Undergrad: 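Have a look at this one.
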Number of protein chains: 2
Amino acid sequence: MDAGASSARRDAAAGRARDSPRRAAGRPPQAVLSKAQITRAALKLIEADGYKGLTMSALAKRLGVAPSALYNHVAAKQDVLVLLEDHLMAMVDVSGFDGGQWEPGVRRWAWSYRDVFARHTPLIPVIAVLPVTNAPQTVAMYEAVTAGFLADGWPRDRIVDAIVALESFIFGSAFDVIAPPDIFETGGLAASAPEFSAAVADRWGEGETSRSDSAFGIGLDALISGLSARRASGGF
Amino acid sequence: MDAGASSARRDAAAGRARDSPRRAAGRPPQAVLSKAQITRAALKLIEADGYKGLTMSALAKRLGVAPSALYNHVAAKQDVLVLLEDHLMAMVDVSGFDGGQWEPGVRRWAWSYRDVFARHTPLIPVIAVLPVTNAPQTVAMYEAVTAGFLADGWPRDRIVDAIVALESFIFGSAFDVIAPPDIFETGGLAASAPEFSAAVADRWGEGETSRSDSAFGIGLDALISGLSARRASGGF
DNA sequence: TTCACGAAATGAACGCCATTCATTTAGTGA
DNA sequence: TCACTAAATGAATGGCGTTCATTTCGTGAA
């Protein structure tokens, strides 16, 4: 092996793109790309620059490859987003259901779900609309949650609706996390909205917990107690 | 007046672009554009083609204007989205609070809010993050809702959090409306997720109400009962 | 009345983006 | 051995949002 090849291997191990020596055209001796590598590179790119930095060119450059090479592994950029989504779903914490108690399980799941996607809000419009087929980690997450509901005695035919309701709240709340702190400052419009402005000014506890955390906590408590009350009363 | 001018006036009245006779360069005798006209044209464009059809070029063409002319009235495309957002906020039904009863007010508000933005989900990432300053209709909506909460005796310092919790649920649910009906079909992954697949198959009442409507109804009931229970018990 | 200035239009760019296609090379199964 | 397919390059495409020099019109101050 020559020096060029060895430095290339070092760069590849570090996830960096090979810089100087352009690869010749034609299929390379050993595959340079894979879906897993594309996913990893996309994540790194997002960590560094946010979703505005996630372009097919940037992705290709980071992988040391021409942009068109990516299309041998994904049909479109949308596919990259799907890869990301499924990867992130595996990071949602469903371990809270292991204890056999529904409420702590839901609580831990919901907080972690929100936290994961608050840093990936551009994926939410994709997830919310994407069929789960071919998203194995996503299905695994739903399976664990469903099992947690069943273990608590939930009627099978109501579980999906309950999960969807919680999930909708979680997605919406993820957006709220990235809202600026002054989002409700009425500014010049204060005079036209005295009650609302007062409510914004009086808002309680701007101490340790953030605005979005406190709203999420209140809503999650309400959802959990509302759902379990309905179940207990036979509303389902 | 000549025939050209009169046909131009007719076209302008119908909101259509003047087609053939290109306007000469330079400031026209009477203004061709305004924020209100831009907003109307954008709405028409979205009705016809969806948000993918909302481009600055298409907007300009519909207004019978060069694309660059738009930038005399908005600083960027984002501003067009803000104009749309504020316009749509005025269509959210807050009349339910007029009766002086909190629960029916919240219910009507929430359903109408969701319905309006289910057809405009691309705006949600914008709204959720946008300061309300300079969005008068948006502030007016919040003012009406706040008044409804106050009339019910809610403590002022808890109202914003409650509204945000409800709103997060509403935004998330708006995405759910546009999800395909088979979004939870596990397909080839069914074997790996038996409980979830069964729950999806057993889902109740696919009769009159849609999947997303039933999930929204369940979640909204839970939120409303959970929130008012906490308020009644002095949790706030 | 004049005239400088700002507002509002045109049209020609610009850079970026996702994607496609012809081409080349390497591995694979018949 | 050889046809076929997979996986890379590199050039090209069309569309996007946006900018800028230029032109024209309206307006308020001198």
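Numbers restart at 1 for each chain; the letters A, B, ... are given by sequence-line order, proteins then strands. For clarity, every value in this text was computed on a predicted model and none was experimentally measured.
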Undergrad: Which nucleotide in the list D/dT9, D/dT18, C/dT19 gets nearest to the side chain of B/Tyr71?
TA: D/dT18
Undergrad: Which nucleotide in the set C/dT19, D/dG10, C/dA9 lies at the smallest distance from any side-chain heavy atom of B/Leu33?
TA: C/dA9
Undergrad: Figure out the NZ/P separation between B/Lys52 and D/dG17, and round it to whole Å.
TA: 14 Å
Undergrad: Nearest heavy-atom pair of B/Tyr71 and B/Ala76: which atoms, and what distance?
TA: CE2-CA, 4.1 Å
Undergrad: Which part of the nucleic acid, if any, lies within contact of B/Thr55, taking any heavy atom under 4.0 Å across all strands shown: a base, the sugar-phosphate backbone alone, or nothing?
TA: sugar-phosphate
Undergrad: Whole angstrom is fine here: how far is it from CE in B/Met56 over to P in D/dT18?
TA: 6 Å
Undergrad: Output the single nucleotide from C/dT19, D/dT18, C/dT10 whose closest atom is nearest the side chain of B/Val65.
TA: C/dT10
Undergrad: In whole angstrom, what separates B/Lys61's NZ from C/dG11's C1'?
TA: 15 Å
Undergrad: Can you tell me the distance, in whole Å, between the CG atom of A/Asp49 and the P atom of C/dC17?
TA: 11 Å
Undergrad: So, the side chain of B/Asp213 versus the backbone of B/Thr209: is there a donor-acceptor pair under 3.5 Å, distance only?
TA: no
Undergrad: Between P on C/dA18 and CG on A/Leu81, what's the gap in Å once rounded to a whole number?
TA: 10 Å
Undergrad: Strictly by modelled atom types, are A/Gln37 and A/Ser34 linked by a side-chain donor-acceptor pair under 3.5 Å?
TA: yes
Undergrad: For the residue pair A/Phe175 and A/Phe171, is the inter-centroid distance of their aromatic rings smaller than 6.0 Å?
TA: no
Undergrad: Return the nearest nucleotide to the side chain of A/Ser68; candidates are C/dG11, C/dA18, D/dA11.
TA: D/dA11
Undergrad: Using atom CG of A/Leu59 as one end and atom C1' of D/dA8 as the other, report the distance to the nearest whole Å.
TA: 16 Å
Undergrad: Would you say the side chain of B/Asn72 and the base of C/dA9 hold a donor-acceptor pair, judged only by whether the two atoms sit under 3.5 Å apart?
TA: yes
Undergrad: Taking only N and O in the side chain of B/His73, is any of them less than 4.0 Å away from OP1 or OP2 of C/dA9?
TA: yes
Undergrad: Round to the nearest Å and state the distance from A/Leu70 atom CG to D/dG10 atom P.
TA: 14 Å
Undergrad: Report the distance from atom NZ of B/Lys77 to atom C1' of D/dG15, rounded to the nearest whole Å.
TA: 12 Å
Undergrad: For the residue pair B/Ser214 / A/Asp161, report whether a side-chain donor-acceptor contact shorter than 3.5 Å exists.
TA: yes
